[in-house]
Amino acid sequence: MSDNIQIGLILPDVLGTYGDGGNALVLRQRLRMRGYNADIVEITIADPVPESLDIYTLGGAEDYAQRLAARHLLKHPGLQRASERGAPVLAICAAIQLLGTWYETSEGERVDGVGLIDVSTVPQQKRSIGELVTTPAIAGLSAPLCGFENHRGGTTLGPDAEALGTVTAGVGNGVGDGREGVVQGSVLGTYMHGPALARNPELADLLLRRALGVESLEPLELPDVEKLRRERLAAAH
Ligand code: GLN
């Protein structure tokens, strides 16, 4: 890793509903506040995807944009190579669906995914919209996770994928198993917008610890973030 941590904001021009690009800003700010040099590298649909970045973030999208993104990532497999060497990848909503094996569009057409994670997605009868809260199910996280969900797809995890959390409010992956998000290898996915990392600083630091290869990071006292969390958690329950 160079002295300058490179945060990949992947396809913000097609994957970026609800301000998901803010996840890259949060990562950069939390690094800079601790004295690291960090930059955001924006990779648009006109660019090949580099495999050399330190951490990658992908946002949610409408159905058509999601398909363009899947095609682009299959054509330029830099993200898949980076993930193989362990670079953390944060996938929000549509990005979970397109990094999976396949997903079905609202019109019932099956689209090949990138195949990085063992999940498949089919549209549900009803759209899931609203506040989402979970209890984390993976080591390294203890605080409830929260965000805003808006998706029609319901995602089933295969045997190689684990859930990120167990739903306490809202819908989550949407197939009736009470699970939310996905963790497999270096990929961590969630249906939470917010942006997710602004609302879940513990999750941001988990990704940063993995990117930096460190056991711990200097704590940050950010009362406004705690206030936002209290307010959103109260709104959800
Ligand atoms: N288009 C996908 C769905 O409706 C993802 C939506 C999103 O990313 N917000 O399931």
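The shown structure was predicted, so the numbers you read here are calculated from the model rather than taken from an experiment. Numbering of ligands and ligand atoms starts at 1, following listing order. Along the sequence shown, the residues carry numbers beginning at 1.
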- Note on the structure: Atoms of ligand 1 under 4.0 Å from any heavy atom of H193, numbered from 1 in the order shown, are 9 (N)
- Anything under 30° is parallel, anything over 60° is perpendicular, the rest tilted; go ahead and classify H151 against Y191. parallel
- Task: For R127, take its heavy atoms, then give the atoms of ligand 1 lying under 4.0 Å from any of them.
- Result: 4 (O)
- Query: Quick one: does N150 get an N or O within less than 3.5 Å of an N or O on ligand 1?
  - Reply: yes
- In terms of hydrophobic clustering (I, L, V, M, F, W, Y; side-chain heavy atoms under 4.5 Å; direct or indirect links), are L212 and L203 co-clustered? yes
- Query: Ignoring hydrogens and geometry, is there a side-chain-to-backbone donor-acceptor pair from R179 to N173 under 3.5 Å?
  - Reply: no
- Query: Is a side-chain N or O of E149 found less than 3.5 angstrom from the main chain of G172, in a donor-acceptor match?
  - Reply: yes
- Task: For atom 4 (O) of ligand 1, grab the closest protein heavy atom and report residue, atom and distance to one decimal in Å.
- Result: R152 N, 3.0 Å
- Any donor-acceptor N/O pair, Q80 side chain to L73 backbone, under 3.5 Å: yes
- Query: What closest approach, in Å, do R199 and F148 show between heavy atoms, and which atom pair accounts for it?
  - Reply: NH1-N, 4.1 Å
- Task: Among all protein heavy atoms, pick out the one at the shortest distance from atom 7 (C) of ligand 1; state its residue, atom name and that distance to 0.1 Å.
- Result: C93 SG, 2.8 Å
- Message: Whether the side chain of T134 engages the backbone of P136 through a donor-acceptor N/O pair (distance < 3.5 Å, no angle test) should be reported.
- Response: no
- Just going by heavy-atom distances, which of G60, A65, G153 is nearest to atom 10 (O) of ligand 1? G153
- Residue and atom name of the nearest protein heavy atom (relative to atom 1 (N) of ligand 1), distance in Å to one decimal: D63 OD1, 2.7 Å
- If we number the atoms of ligand 1 from 1 as shown, the ones under 4.0 Å from a heavy atom of Q66 are 1 (N), 2 (C), 5 (C)
- Close approach, E149 and ligand 1, non-hydrogen under 4.0 angstrom: no
- Task: Heavy-atom distances under 4.0 Å are what count here, so tell me which part of A61 touches ligand 1: side chain, backbone, both or neither.
- Result: backbone
